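What follows is a short report on a single structure.
Both counts, for ligands and for their atoms, begin at 1 and track the order of listing. What you see is a predicted model, and the numbers here were worked out from it, not measured in a lab. Along the sequence shown, residues are numbered consecutively beginning with 1.
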Amino acid sequence: MPQTIAFIGSGNIGRALARLAVDAGLDVVLSNSRGPETLADVVAELGATARAATPAEAARAADLVVVSLPFHAYDKLPADALAGRTVIDTMHYFPDRDGRIEDLEERRTTSSELLQRHLPGSRVVKALGTMDFLRLYSSARPSGHPERSALPLTGDDAEAKTEAVRFLDALGYDAVDIGSLADSWRHEAGTPISVLLPYIGEPPTGMTQEQAQEWLFNGPSAVVGAARVEELTDQATRTGRVGLYMEDMFPVGR
Ligand SMILES: NC(=O)c1ccc[n+]([C@@H]2O[C@H](COP(=O)([O-])OP(=O)(O)OC[C@H]3O[C@@H](n4cnc5c(N)ncnc54)[C@H](OP(=O)(O)O)[C@@H]3O)[C@@H](O)[C@H]2O)c1
């Protein structure tokens, strides 16, 4: 189990995972696009086992790296510094945020395969992107806890997947290996396993934007076990729009 975890992208997801990693006794190095000094507050909040660095410095300091950027920035990741590392990809393709990416729109590849292509010397595992950042933090439970949830992962390298399973375990989740990076569309945004319904439950109908946000922030959390993860990822189909659109995120007015 690696002792130092680097985070490239330290927004909602990066911070939630960094907090879980610190809780698990791991050292963390956070990074973002604006520079380490802009992360002083979050580092202070995380305590003595956290520090901030540039993305390349963070990557070099750790053997396991979590990347949590808006997907459009994936090709800015420092490939040289990430070579030889296992890279956990939490990212999703949101066309209205990331711009249309034809290879994804035409289903010629998956977002994690594009990342792997950009990082030929790294071992990419897609994981930790199916829950919203609030529940990702609050739903973590120790191994064997009756309310522990499971999360899917995919990757092409068996050793990297084993490492990712151990990392998820340390953070507070069981892992379900659902295949290779070519299969990773089964847990991309907009599929049955992703983000909202399985982990929160069926939303009330007819909500305003404000109510929907309140429901997301303060609504219930459902426990999703390994069998349910398998069922939901099996239900995924490659029909309809690719990726997730903001308008589909919240069930406003329905
Ligand atoms: N939010 C969720 O609940 C959730 C759930 C599942 C999956 N995801 C996915 O996870 C990813 C991150 O989401 P988020 O909500 O955490 O995003 P976010 O809060 O907007 O944070 C994005 C982070 O990426 C950094 N960043 C942007 N460009 C960068 C670059 N070129 N180099 C280094 N760092 C860069 C930003 O740093 P600066 O601020 O300095 O630019 C920021 O720290 C997205 O792909 C998202 O779709 C999110």
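- The only option from T110, T109, D156 that meets the side-chain hydrogen bond (donor to acceptor under 3.5 Å, both in side chains) definition with S184 turns out to be T110.
- Residue contacts with ligand 1 for R97 involve side-chain atoms from C-beta outward but no N, CA, C or O (heavy atoms, distance under 4.0 Å).
- When the side chains of ILVMFWY residues are joined at heavy-atom separations under 4.5 Å, either directly or via intervening members, L128 and Y199 end up in a single hydrophobic cluster.
- Applying the side chain to side chain contact (heavy atoms under 4.5 Å, CB included) criterion to E57, with sequence neighbours excluded, gives A53, T54.
- Polar contact check, I13 against ligand 1: a nitrogen or oxygen pair lies under 3.5 Å apart.
- Short contacts between ligand 1 and M91, defined as distances under 4.0 Å to a heavy atom of the residue, involve ligand atoms 45 (O).
- For the pair R19 and Y137, the cation-pi criterion (under 6.0 Å, within 45° of the ring axis) is fulfilled.
- With a 4.0 Å heavy-atom cut-off, ligand 1 is reached by the side chain of K76 but not by its N, CA, C or O.
- Distances from atom 22 (C) of ligand 1 to the heavy atoms of S68, P55, A73, A189 show the closest one on S68.
- For the residues V42, L69, L136, the heavy atom positioned nearest atom 45 (O) of ligand 1 is part of L69.
- Short contacts between ligand 1 and M131, defined as distances under 4.0 Å to a heavy atom of the residue, involve ligand atoms 5 (C), 6 (C).
- For ligand 1, the polar-atom distance check against R34 finds a nitrogen or oxygen pair separated by under 3.5 Å.
- The H92 neighbourhood of ligand 1 comprises atoms 6 (C), 7 (C), 45 (O), 47 (O), with distances under 4.0 Å to a heavy atom of that residue.
- Assignment of R15 to the shell around ligand 1 is not supported, since no heavy atom sits closer than 4.0 Å.
- Residue T90 approaches ligand 1 through these ligand atoms, each under 4.0 Å from one of its heavy atoms: 7 (C), 8 (N), 9 (C), 10 (O).
- A donor-acceptor pair under 3.5 Å is formed between the side chain of T233 and the backbone N or O of E230.
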Which donor-acceptor pairs under 3.5 Å do the side chains of residues 67-78 make with protein atoms, sequence neighbours left out?
residue: S68; atom: OG; partner: T90; partner atom: OG1; Å: 2.9

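- Between N12 and ligand 1, at least one pair of N/O atoms sits closer than 3.5 Å.
- Atom OG of S111 and atom CG of D89 lie 6.0 Å apart (nearest 0.5 Å).
- There is a side-chain donor-acceptor pair under 3.5 Å between T86 and R123.
- Look at R135 and D132 and you find a salt bridge, because one of the NZ, NE, NH1 or NH2 atoms lies within 4.0 Å of a carboxylate O, short of that distance.
- Taking every heavy atom of S10 and a limit of under 4.0 angstrom, the matching atoms of ligand 1 come to 23 (C), 42 (C), 43 (O).
- Of all heavy-atom pairs spanning V223 and R148, the tightest one is CG1-O, 3.6 Å.
- Near D132, the atoms of ligand 1 lying under 4.0 angstrom from a non-hydrogen atom of the residue are 3 (O).
- Looking at ligand 1, you won't find any N or O of G14 less than 3.5 Å from one of its N or O atoms.
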